[in-house]
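What's counted below: heavy atoms across the whole structure, side chains too, no hydrogens, waters or symmetry copies.
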Amino acid sequence: MIWSKLFIPTLRENPAEAEVPSHQLLLRAGYIRQLSAGIYSYLFLAQRSLLKITQIVRQEMDAIGAQEMLLPALNPAEVWQESGRWDIMGDNLFKLKDRFGRDLCLGMTHEEVMTTIARGELRSYKQLPQIWYQIQTKFRDEPRPKSGLLRVRQFIMKDSYTFDMDAAGLDAAYDKHYQAYCRIFDRCGLEYMVVEAHSGAMGGSQSHEFMVASDAGEDFVAVCPGCGYAANLEKAVAAPQPPALADPEGDRAPEEFHTPGRKTIAEVAEFTGLPESSQMKSLVLVADGKPVLVMLRGDHQLSEAKFGMIANDPEFRPAQADEIQAWFGAAAGSLGPVGVKNMPILADRALEGRRNMIAGANKDDHHLRHVTPGEDFRAEFHDLRQVAEGDVCGKCGGTLDVRKTVEVGHIFKLGYKYSESMGLRVLNADGKEVTPIMGSYGIGIERILCAAIELFHDKDGMILPAAIAPFQVVITPANNSDGAQAEAARGIYQQCLALGIDALLDDRDERPGVKFKDADLIGVPWRIVVGKKLASGMVELVDRKTRQATDVAVGEAPALVKQRLR
RNA sequence: CGGGGCGUGGCUCAGCCUGGCUAGAGCGCCUGGUUCGGGACCAGGAGGUCGGUGGUUCGAAUCCACUCGCCCCGACCA
C-alpha cells in the first residue's frame with residue numbers, strides 16, 4: 001500500500017496517559033486510539049496486525065478439526081442464570097435491559113451459549129466429539145482497566161469448546177489444543193511458557209496457561225530453570241525447606257512469656273532473637289460464613305487461591321478485629337493455635353514435623369514457646385503457602401524464579417459443570433443417557449500483539465515478528481522528489497507485491513529522517529532504502545531488529561526480502 | 001470501592017501557590033520558498049467555551065464547592 005494515502009497517525013511524543021511500552025508504542029505508532037477507559041479503537045495498522053494474528057489462530061484451529069462459528073455477543077439472562085454465572089460473575093458481567101425490561105448481558109465467554117446449542121442439537125454419541133470455536137468480541141466490566149490493551153473492557157478472544165463422551169476424549173481434545181496453542185504462539189513469534197494453572201471458579205481438573213514474561217503483566221509464575229517446572233503462583237508448589245534454625249529437641253510443654261508491644265512476626269523475631277522461621281503465623285479467615293484458623297511458618301505467605309480451594313469458598317475474607325477479639329479474647333498480634341476449640345485449624349505442610357515453635361498465646365502481649373503441631377494443637381495439614389522467589393523446586397531441588405507474565409492463552413478441562421447444570425445429554429452406545437464432558441480454551445488476540453511488543457521493542461519503536469507485523473517490508477526512497485529514486489522504489493514495491501510480500505511504499509514528501517523514524521516506530525521488520533547508491537544500481541536492505549544494512553542490487557531486493565521472511 | 005495524581009489548541013507542557021494586560025511555548029497542521037540519509041530552515045497563517053456546573057469577587061485558567069473524565073497503586077479478576 002501507499003503510505004501517502006494511508007491514515008497512520010504517528011506521534012513524536014509519548015502520550016501522557018501511557019505507562020507500559022506496548023501502550024505507549026501502540027498509541028505513538030498510530031495503531032490505536034482510546035475512546036474511553038478500557039475501550040479502544042483499532043486503527044488501520046492494529047487491525048491489519050490483528051487480522052494476521054486471527055488468521056494464524058484460525059488456521060491452527062481448523063487444523064485440529066475445530067469448526068468456526070459466530071455466536072451472539074448479546075445474551076439473554078436466562079442461560080447465564082441456568083449456569084449460575086449470572087450471579088457468580090457479579091459486576092464483571094456487563095448487564096443491561098431491553099425496552100421491555102428483560103435482562104440481557106454481554107458475553108464474557110460463551111460456555112452457556114455453546115452448551116445451549118449443544119443440548120438442543122447433540123443427541124447421540126455418534127455426533128461426538130465436537131470442537132467448536134469462534135473469534136469474537138468479549139465484554140468485561142473490569143473494575144480497573146489498565147495498561148493499554150492488556151486489560152480492557154472490550155477485546156477479541158478466540159474461544160473454543162469441546163464436547164466429548166468421556167475423560168479420555170477430553171484428554172485428547174485438551175492435548176490437541178495444547179499443541180495447537182504452541183503452534184499458534186510459535187508462529188506469532190512469541191517467547192512463551194506453558195504453566196500449570198489454577199482452574200479457579202471455572203472448576204475442572206486440569207488447566208494450563210500460556211504466559212509471556214513481561215513486567216507489564218499481572219500474573220506471577222514460578223519457574224524452575226533446572227527442570228522446566230512452571231506454574232502459576234496461585235498453584236505453584238515448592239519443596240519444604242528446613243527452618244533457618246533447628247527446632248529445640250525434646251517433649252516440652254508450651255510456656256507463656258511476655259512480649260510487650262510485639263505484634264508482628266518481625267517484632268517477635270527481634271525480641272526473641274529467633275528467626276522468623278521458628279515462629280508460627282496465625283491468620284483468622286472467614287470462609288462460608290465460618291471462622292478458620294490458618295497456621296503458616298512465620299516467614300511464609302498464605303496463598304489465597306489455595307486456601308480458597310481448600311475452604312471451598314473463593315470469596316473468603318479476613319476476620320475483623322472485633323470478631324477476632326470475640327473468638328480469641330486477644331487481638332491479632334497475639335493469636336495462636338493452642339487451646340482453640342471453636343474453629344477448625346488448617347496448617348501448612350511446612351509445619352508438619354516441626355517442634356517447639358513460637359506462637360501467639362491468645363492473650364494480649366504474650367506468646368508461647370515450645371508449641372508443637374500435632375501435640376499442642378490438632379490441625380489439618382494442607383499446602384497453603386505461596387511460593388516465593390528462591391524457594392526450592394519440588395521436582396528437582398533447584399531454585400525457583402518468580403516471573404511477572406502476561407497471560408495470552410488458557411486451556412482447561414471444564415468437566416461437567418455446564419453440561420450438567422444446563423442439561424446436555426446424549427445417548428451412548430447402550431442407549432443410555434449420559435452427560436458429555438467439556439473443555440474450554442481461550443486466546444486473547446490483542447494480548448498476542450501486546451506481548452509481542454513488550455517482548456520486542458527498542459527506544460525507537462516496535463520490532464514485530466514478521467508474521468504479525470502489519471507490513472513485512474517498507475520501501476523508502478530517501479528523497480521521493482528525486483525521479484529516479486521514486487521510480488526505482490515503485491518498481492521494487494511492485495515486484496514485492498508480485499512475490500506476495502506485504503509491502504508498504506513510503507512515497508511521502510518527507511525528509512528521510514522522518515520516514516526512517518516512522519518505519520522504525522511502526523515495527524516493520526524489513527526496510528529497503530532507495531538512495532544515492534541507486535546510481536550504481538544498489539539499494540539498502542535494513543533489518544529492523546539488528547539494524548544491519550546490506551547493499552543489494554536493485555533487482556534482487558524483493559527476492560532477498562522474500563527469502564529472509566521464510 | 002479505598003488511596004494518590006492529572007484535566008489549558010491535535011501532542012507534550014508552562015501559567016495557578018500570591019486573581020488583573022490580548023492565555024503562552026515547543027512539536028504537529030496550512031500556504032509560499034529553500035532543502036533532502038536519522039524527526040530541516042525561513043516567512044506568513046489557522047487553531048483554545050483553560051473538563052463541566054455553581055459560587056466568591058469590580059474582575060477567575062488561577063480561590064471555594066460540587067461534578068465528570070483519565071492515569072497510577074490497592075481491592076477485584078475467564
Q: Remember a base hit wins even if backbone is also touched, and classify A:P15 as base, sugar-phosphate or nothing at under 4.0 Å, heavy atoms.
A: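 Sugar-phosphate only.
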Q | Summary of protein contacts for nucleotides 32-41 of chain B, nucleotide by nucleotide, where a base hit scores B, a sugar-phosphate-only hit scores S (4.0 Å, heavy atoms) | A | ---BBBBBB-
Rounded to whole angstrom, note down the [atom1] distance from [N] over to [M].
{"N": "B:G74", "M": "B:A61", "atom1": "C1'", "value": "33 Å"}
{"N": "B:A60", "M": "B:G47", "atom1": "C1'", "value": "24 Å"}
{"N": "B:C77", "M": "B:C64", "atom1": "C1'", "value": "40 Å"}
{"N": "B:C36", "M": "B:G44", "atom1": "P", "value": "24 Å"}
{"N": "B:U35", "M": "B:C42", "atom1": "C1'", "value": "11 Å"}
{"N": "B:G51", "M": "B:C68", "atom1": "C1'", "value": "7 Å"}
{"N": "B:A46", "M": "B:G7", "atom1": "C1'", "value": "25 Å"}
{"N": "B:A43", "M": "B:C63", "atom1": "C1'", "value": "43 Å"}

Q. Who passes ring-ring contact (aromatic ring centres under 6.0 Å, His included) against A:F471, sequence neighbours left out?
A.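 Here no residue qualifies.
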Under 3.5 Å on both distances, the Watson-Crick or G-U partner of [N]:
{"N": "B:C66", "value": "B:G52"}
{"N": "B:A40", "value": "B:U34"}
{"N": "B:G2", "value": "B:C73"}

Q. Does the separation of the ring centres of A:H410 and A:F210 fall below 6.0 angstrom?
A.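 Here the rings of A:F210 and A:H410 have centres that are no less than 6.0 Å from each other.
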Q. Could a donor-acceptor pair under 3.5 angstrom be found where the side chain of A:E13 meets the base of B:G10?
A.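 Check fails, no donor-acceptor contact within cut-off.
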Value in whole Å for how far the [atom2] atom of [N] lies from [atom1] of [X]:
{"X": "A:L27", "N": "B:G28", "atom1": "CG", "atom2": "P", "value": "19 Å"}
{"X": "A:I88", "N": "B:C77", "atom1": "CD1", "atom2": "P", "value": "12 Å"}
{"X": "A:R151", "N": "B:G74", "atom1": "CZ", "atom2": "P", "value": "12 Å"}
{"X": "A:H410", "N": "B:C77", "atom1": "NE2", "atom2": "C1'", "value": "13 Å"}
{"X": "A:E304", "N": "B:G74", "atom1": "CD", "atom2": "C1'", "value": "12 Å"}
{"X": "A:D141", "N": "B:C76", "atom1": "CG", "atom2": "C1'", "value": "12 Å"}

Under the rule for side chain to side chain donor-acceptor pair (under 3.5 Å), what residues qualify as partners of [X], not counting sequence neighbours?
{"X": "A:E68", "result": "A:R58, A:Y133"}
{"X": "A:T10", "result": "A:D518"}
{"X": "A:T137", "result": "none"}

Q.
Less than 3.5 Å apart, any donor N or O on the side chain of A:E19 or A:Q24 sitting next to an acceptor on the other?
A.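 No, A:Q24 and A:E19 have no side-chain donor paired with an acceptor closer than 3.5 Å.
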Q) Between A:E142 and A:N92, does any side-chain donor sit less than 3.5 Å from a side-chain acceptor? A)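 Absent: no donor and acceptor within the cut-off.
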Tell me which donor-acceptor pairs under 3.5 Å the side chains of residues 37-45 of chain A have, and how far apart each pair is, sequence neighbours excluded?
unit_1	atom_1	unit_2	atom_2	d
A:Y40	OH	A:H23	NE2	3.2
A:Y40	OH	A:Q34	NE2	3.3
A:Y42	OH	A:E446	OE2	2.5

Side-chain polar contacts of residues 286-293 of chain A - donor-acceptor pairs under 3.5 angstrom, sequence neighbours left out - could you list them?
none

Q) Does any pair with a residue in residues 435-459 of chain A pass ring-ring contact (aromatic ring centres under 6.0 Å, His included), and if so which ones, sequence neighbours excluded? A)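 Sorted pair list: A:H177-A:Y441.
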Q | Closest-nucleotide ordering on RNA chain B, the 5'-leading residue of A:R144 and A:R447 | A |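 Looking at the nearest nucleotide for each, A:R144 comes out on the 5' side.
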Write down the protein N/O and nucleotide N/O pairs, taken from nucleotides 68-71 of chain B, whose separation is under 3.5 Å; answer none if there are no such pairs.
unit_1	atom_1	unit_2	atom_2	d
B:C70	OP1	A:S36	OG	2.9
B:C70	OP1	A:A37	N	2.8
B:C71	OP1	A:Q34	NE2	2.9

